[in-house]
Protein chains: 2
Amino acid sequence: MENISMKDVAQKAKVSTATVSHVINETRYVAEETKKKVYKAMKELDYQPNSVARSLRSRKSNIIGLLVPLVASDTSNFFFMSIANGIEQVLKENGYNLILSNSSEDLSIEQDQIKVFNSQLIDGLIIAPVDSQKHDYKENLRGNYPVVFIDRQPKELTSDTVLIDSGAGTYKAIELLISKGHTKIGFITGPLGITTSDERLQAYKNALKNNNLSYDESLVKIGSATFDKGHSFTKELVEETGATAIFAANNIMTMGAVHYLQEKDIPIPDKVAIIGFDDYDWLRITSPPLSVVKQPSYEMGKKAVELLIKRINGSKDPYDVHRLPSELVVRGSC
Amino acid sequence: MENISMKDVAQKAKVSTATVSHVINETRYVAEETKKKVYKAMKELDYQPNSVARSLRSRKSNIIGLLVPLVASDTSNFFFMSIANGIEQVLKENGYNLILSNSSEDLSIEQDQIKVFNSQLIDGLIIAPVDSQKHDYKENLRGNYPVVFIDRQPKELTSDTVLIDSGAGTYKAIELLISKGHTKIGFITGPLGITTSDERLQAYKNALKNNNLSYDESLVKIGSATFDKGHSFTKELVEETGATAIFAANNIMTMGAVHYLQEKDIPIPDKVAIIGFDDYDWLRITSPPLSVVKQPSYEMGKKAVELLIKRINGSKDPYDVHRLPSELVVRGSC
DNA sequence: GTGAAAGCGCTAACAC
DNA sequence: GTGTTAGCGCTTTCAC
């Protein structure tokens, strides 16, 4: 199939390409009669505007990049995919499209993907950085497009950032467990060094301190964020450390923890209470239904898009960090 | 920040833009000395090639579109997101990028999104069509890029198609239930008319027939694919129709069904056996762990990409329908 | 072994 | 109200 260009339309409608362009973009007045001719020619030729040429000329692609750290495991992706979904929705309403890209939680892959984005393809980037604390993103992110960081706070404030205050939800969860009389509360987390993990552990410590409980290192288990680690950490905490309550600081380890308790027929919450992280439908089907700290992922995506579009439209406001509240959802497991 | 173009690099390196281009793309011989000069200039200027200009000129964007029908509910997306993940992975290995787009399971939104793609932006499209049986995609999909259909078979074979033979897994599941002595097997499904649902229902009927069980319409519940429908259908089947086994034909209704059984403390599988659809980590945490029909979503994404890239590279083979096998994973719930 | 220059399809400044 | 035309940054043909 041959490609129809604006020139073809212009010829057929007996007008100039400028007129065709202005009809399409409604960017200057065109007489009704002329418009009609142009529309007719477009229809007859089945004209499809070439968005690449348009982007080149207008220096605007209407495409937004999203770079998230998905790992192979089936479940850890839910959170970011949920965000992606929210972002996609809001972008569409604003006439933008989404390029989804995956850093696989690997810094060098992330840098490669950023290089792809730097080649003038996108109007803006939303990124959940792999290594927000040690790595300096200023060096890589020097494409001439605005950037919004999500979920993890970069060490320097060089862009707008949207975070979830997961500390607050964690703090409430731990306090709830304490109020129910638990003194040995196990804390299971993925690797430290990303802001979300650090924040949750800090909230755990604070809650203990403010309630006159001493911090016991043996109750804190740190390892890769996997189902199996969630499982084995819970086993250790319950069997060896004598924990009567478990807090899991991410969704996949939550599942591993629940799995262990159900497998051993340990009564929840009578023998061991548990509070998990992230709220998904599947948590409703455990028995009893799981209490969780819920993160507003959709809202985070939405907020990120709003900030990004504001920047694309030229805002020069000082960079801002937005914190969305996390919420403690109390169900039967504690 | 000013934009550095190839011209700047050429000037700095005292060569022509042609040479710079050939150095970057390794598309004709360039003397080592010259190459070095060019690389040096690129580095010093921090040159980022403009992929939009490249696409315009070379008529190749290295971008693939993916159009999937996600709906708002948190869980129904897992399947397609899992596919997206697989696709993204394989594309990256081949130097392509992914534009993710969402039809929201709505035909008119889908057509709008296809129009966006038709504007010469993408080199190929992978689509899980909303309405594969009634709607004729030939009319919309006339961009000059190859297309691969996934998950749902379009009524006419106008493109390569990758499907999962979910009928085979369903058949095995129903036969297993029959072999355990069940004669009243409830079947819960989302709306018919999409090939996957139709295929699963047909397999159910076939399994009954081949085992000399009569088909009882009151055991088949058809409705929107939601958690709550899965819940209420199961309730009706167990309380009113007297079903002793449940087969749920998609993942979200599976969850609703399990939720009902656990809520009512109905012993699984002693009182009611259940087999669900799609295999995710969270199914391991139900008690007992759920038996499911597992779909190879990653493999489907991978196969779709392979077919698409073959077409992009000019293959003129006749269109092909690939069927990937589904698998019955037997755990404790039946 | 390298350069000059046309042109991909569009937008927008300038002209009338 | 509309047309002419330069040029976005790159690839590629033709020339030497």
Side-chain angles (χ1 to χ4, degrees), chain A residues 1-39 41-42 45-63 116 118-123 143-145, chain B residues 1-39 41-42 45-63 116 118-123 143-145:
Chain A
M1 172 174 130
E2 271 312 303
N3 258 320
I4 311 298
S5 81
M6 220 156 94
K7 210 169 148 188
D8 303 317
V9 176
Q11 267 163 13
K12 180 137 196 154
K14 297 196 168 63
V15 296
S16 72
T17 59
T19 299
V20 176
S21 172
H22 284 120
V23 167
I24 290 171
N25 300 305
E26 299 182 314
T27 150
R28 83 175 176 196
Y29 182 82
V30 178
E32 277 307 320
E33 272 302 287
T34 318
K35 269 191 197 166
K36 265 185 201 149
K37 282 194 298 183
V38 172
Y39 283 131
M42 290 200 302
L45 293 171
D46 188 27
Y47 170 67
Q48 314 271 15
N50 183 321
S51 59
V52 175
R54 171 181 298 184
S55 297
L56 177 59
R57 182 58 229 239
S58 64
R59 324 206 118 268
K60 184 143 177 31
S61 65
N62 278 323
I63 295 176
V116 173
N118 281 347
S119 53
Q120 329 270 339
L121 179 63
I122 57 172
D123 292 342
N144 47 0
Y145 49 78
Chain B
M1 172 176 128
E2 270 313 299
N3 258 320
I4 310 299
S5 80
M6 219 156 97
K7 210 170 148 190
D8 303 317
V9 176
Q11 265 163 14
K12 179 137 199 153
K14 296 196 167 65
V15 297
S16 71
T17 59
T19 298
V20 177
S21 172
H22 284 121
V23 168
I24 290 171
N25 300 305
E26 300 182 315
T27 151
R28 85 175 175 196
Y29 182 83
V30 177
E32 275 308 320
E33 272 303 289
T34 318
K35 268 192 198 167
K36 266 185 201 149
K37 281 194 297 182
V38 171
Y39 283 130
M42 291 202 298
L45 294 171
D46 188 27
Y47 169 66
Q48 312 271 13
N50 182 322
S51 59
V52 176
R54 172 182 298 186
S55 297
L56 177 59
R57 181 60 229 239
S58 64
R59 324 206 120 269
K60 186 143 176 29
S61 65
N62 278 323
I63 294 177
V116 173
N118 280 348
S119 53
Q120 330 270 337
L121 179 63
I122 57 172
D123 291 343
N144 47 0
Y145 50 79

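Chain A is the first sequence line, chain B the second, and so forth, proteins listed ahead of strands; every chain is numbered from 1. A quick note: this is a predicted structure, and the numbers were derived from the prediction, not measured.
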- Message: So B:K60, base contact, sugar-phosphate only, or nothing? Heavy-atom distance under 4.0 Å.
- Response: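 If one applies the 4.0 Å heavy-atom cut-off, B:K60 turns out to touch nothing in the nucleic acid.
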
- Give one of base, sugar-phosphate or nothing for B:V52, where a contact means two heavy atoms less than 4.0 Å apart.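 Nothing, no nucleic acid heavy atom in range.
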
- Task: Indicate yes or no: at least one non-hydrogen side-chain atom of A:N144 is less than 4.5 angstrom from one of B:N3.
- Result: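 Result yes, sub-4.5 Å side-chain heavy-atom pair found.
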
- Task: For the residue pair A:L121 and B:I63, establish whether any side-chain heavy-atom pair is separated by less than 4.5 Å.
- Result: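 A side-chain contact under 4.5 Å exists here.
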
- If only atom types and distance count, is the side chain of B:S51 paired as donor or acceptor with the main-chain N or O of A:S119 below 3.5 Å?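 Judged by distance alone, yes, a pair lies under 3.5 Å.
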
- Message: Quick check for you: name the first and last nucleotides of DNA chain C, 5' to 3', having an atom under 4.0 Å from a heavy atom of chain B.
- Response: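 Nucleotide range with atoms under 4.0 Å of chain B: C:dG1 to C:dG9.
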
Side-chain donor-acceptor pairs under 3.5 Å in residues 7-14 of chain B, sequence neighbours left out?
from  : atom 1 : to    : atom 2 : distance (Å)
B:D8  : OD2    : B:S5  : N      : 2.8
B:K12 : NZ     : B:E44 : OE1    : 3.4

Kindly write out the residues that satisfy side-chain hydrogen bond (donor to acceptor under 3.5 Å, both in side chains) with [X], not counting sequence neighbours, or none if the list is empty.
X	value
B:R28	B:H22
A:Y47	none
B:S16	B:T19

- Atom-pair distance (CZ on A:R59; C1' on D:dC8), nearest Å: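 A:R59 atom CZ is separated from D:dC8 atom C1' by 6 Å.
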
- Task: Among the candidates D:dG1, D:dT4, D:dG9, find the nucleotide nearest to the side-chain atoms of A:S16.
- Result: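 The listed nucleotide nearest to A:S16's side chain is D:dT4.
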
I'd like a table of atom pairs between the protein and nucleotides 10-14 of chain D - only N or O on both sides, under 3.5 Å - with the distance next to each one.
from   : atom 1 : to    : atom 2 : distance (Å)
D:dC10 : OP1    : B:Y47 : OH     : 2.4
D:dC10 : OP1    : B:N50 : N      : 2.9
D:dC10 : OP2    : B:M6  : N      : 2.4
D:dT11 : OP1    : B:N25 : ND2    : 3.2
D:dT11 : OP1    : B:R54 : NE     : 2.9
D:dT11 : OP2    : B:S21 : OG     : 2.9
D:dT11 : OP2    : B:N25 : ND2    : 3.4
D:dT11 : O2     : B:R57 : NH1    : 2.5

- Message: To the nearest 0.5 Å, what is the distance between CE on A:M42 and NZ on A:K35?
- Response: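 Rounded to the nearest 0.5 Å, the CE-NZ separation comes out at 11.0 Å.
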
